[in-house]
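Here the structure is a predicted model, which means the values were calculated and not measured. The basis for the numbers below is simple: all heavy atoms, side chains too, and nothing from hydrogens, waters or symmetry mates. Remember, it's 1-based here, ligands and their atoms both numbered in the order they're listed.
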Amino acid sequence: MVTIIEKIKDSKRMDLVLEKAARILADGNLVAFPTETVYGLGANAFDESAAKKIYEAKGRPSDNPLIVHIASLKMLDEVALEVNNSAKQIMDAFWPGPVTLIFKKTDKIPYSVTGGLDTVAVRFPQNEIATMLIKKCKFPLAAPSANLSGRPSPTKASHVAFDLSGKIPLILDGGTCRLGLESTIVDTTHKMPVILRPGTVTKEAIEEVLEQTVIDGYEEQIEVSTPKAPGTKYRHYSPKAKITIIKGSEEEVVSKINHLLIKDSVLGIKSGVLATDETIDLYNTNLAISVGRRKDPEEIAKNLFKTLRKFDRLGAEVVYSECFEQMGLGAAIMNRLTKAADYRIVQI
Ligand code: TXA
Ligand code: MG
């Protein structure tokens, strides 16, 4: 299959391209599209066999459910039952935007979309290309991140092309994703809302809106009575390089990593460093990449997946990464980084 990449520039061209994309989707095929978080790989959420094509193209385990993307609250009625008060408050505050909510599903949503669950994950994205595409389709789009299963999520069309060229007919290129980390997932089907995946909408921001404490359901050590987002149990976000996070004061981390770099070079191992603007010049390697300014977590979130993919392109076998604060947006950054590192953290 030939994969066409359509760059979306002016609005006249946008309409034509979205028409074409909507036709492909209505025929039961797949289209990758930008959102404000990461690129999604879309299929008609009401079409059981179209959804199955997503799992094939990504190499995704079939028990890992997809997020259903809507472009109006009317569409929510077609996919979700029982929207409770907490859900309404979160929707009011953050939709359209980077928050996904879990609801009981309607019969219109096939089990191939929900990985066999009776619940469905729903998101109302903010990105204009995404919402205009869904409106043109007149059906919601089931869409996971548009990467091969296990790889870092794509934040540019070229990342999607690298992973899925030849496997899907069309990629809509809307430039770099504004946020760069996947949506915050909140399960509102229980008495207490539970965050199943942290994102750019932070736990603190949700608690402020709900005026109540929200449970972290994603920390490995915390047992909650609700199932975690099934996808979170799989290997994730991983570049080919083996990543280790080094935790300590700046001085200790730099000195430890420089020591490890010397050891690796003696052994002939190509190792790199995931650094920050503040520290990049302190490492004795030409394979140090800055993920952004430590003072600016938004910038780090936006660059994280792109940086992980860059280490692959440069052929790094091992990557030592600095560690980030777990507060606020840092919780989402560390969640993705820790998974990419397969939980290897060295505390100095
Ligand atoms: O920002 C995003 O959320 C992006 C863009 C494309 O919208 N999508 C995304 O999808 O990150 P994906 O498939 O990579 O991650 C979806 C996560 C998985 O961890 C999955 O297990 C969880 O959502 N999920 C989906 N349906 C669920 C459900 N009914 N209950 C619990 N978790 C669910
Ligand atoms: Mg994903």
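By the 4.0 Å N-to-carboxylate-O rule, K104 lies close enough to E82 to be salt-bridged with it. A salt bridge links D15 with K136: at least one charged nitrogen is closer than 4.0 Å to a carboxylate oxygen. A salt bridge between R309 and D163 is present, with a side-chain N of the basic residue lying under 4.0 Å from a carboxylate O of the acidic one.
Under the side-chain contact (heavy atoms from CB on, under 4.5 Å) criterion, L260 pairs with I246, K256, Y320, sequence neighbours left out.
Ligand 1 has a nitrogen or oxygen under 3.5 angstrom from a nitrogen or oxygen of R60. At under 3.5 Å, not a single nitrogen or oxygen of E182, backbone or side chain, sits near a nitrogen or oxygen of ligand 1.
With ligand atoms numbered from 1 in the order given, ligand 1 contributes 28 (C), 29 (N), 30 (N) to contacts under 4.0 Å with heavy atoms of T119. If you number the atoms of ligand 1 from 1 as listed, the ones under 4.0 Å from a heavy atom of I102 come out as 27 (C), 28 (C), 30 (N), 31 (C), 32 (N), 33 (C). Atoms of ligand 1 lying under 4.0 Å from any heavy atom of L196, numbered from 1 in the order shown and given with element: 31 (C). Set against the non-hydrogen atoms of P65, the atoms of ligand 1 under 4.0 Å away are 20 (C), 21 (O), 24 (N), 25 (C), 26 (N), 27 (C), 33 (C).
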Taking only distance into account, with no hydrogens and no angle test, what donor-acceptor pairs under 3.5 Å do side-chain atoms of residues 107-125 form with protein atoms, sequence neighbours excluded?
{"from": "K108", "atom 1": "NZ", "to": "E78", "atom 2": "OE1", "distance (Å)": "2.8"}
{"from": "Y111", "atom 1": "OH", "to": "D118", "atom 2": "OD1", "distance (Å)": "2.6"}
{"from": "S112", "atom 1": "OG", "to": "E48", "atom 2": "O", "distance (Å)": "3.3"}
{"from": "T114", "atom 1": "OG1", "to": "L117", "atom 2": "N", "distance (Å)": "3.3"}
{"from": "T114", "atom 1": "OG1", "to": "L117", "atom 2": "O", "distance (Å)": "2.7"}
{"from": "R123", "atom 1": "NH1", "to": "E36", "atom 2": "OE2", "distance (Å)": "3.0"}
{"from": "R123", "atom 1": "NH1", "to": "G97", "atom 2": "O", "distance (Å)": "3.0"}
{"from": "R123", "atom 1": "NH2", "to": "T35", "atom 2": "OG1", "distance (Å)": "2.9"}
{"from": "R123", "atom 1": "NH2", "to": "T37", "atom 2": "OG1", "distance (Å)": "3.1"}

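For the ligand labelled ligand 1, residue T114 lies outside the 4.0 Å heavy-atom shell. Judged by the shortest distance from any of its heavy atoms, K105 lies outside the 4.0 Å radius around the atoms of ligand 1.
S149 lies apart from the Mg ion (ligand 2) in this respect, since none of its N, O or S atoms is found at a distance under 2.8 Å.
Summarising the contacts of atom 9 (C) of ligand 1 with P34, S145, G180, the nearest heavy atom is found in S145. Of all the listed residues (D118, I67, N64), N64 holds the heavy atom that lies closest to atom 20 (C) of ligand 1.
Taking the side chain as every heavy atom from C-beta outward, T285 and I257 never approach each other to under 4.5 Å.
Side-chain contact annotation: E322 with T276, donor-acceptor N/O pair under 3.5 Å present.
For D27 (side chain) and N29 (main-chain N/O), no donor-acceptor pair under 3.5 Å exists by modelled atom type.
Contacts between I185 and ligand 1 below 4.0 angstrom, taking non-hydrogen atoms only, involve the side chain exclusively.
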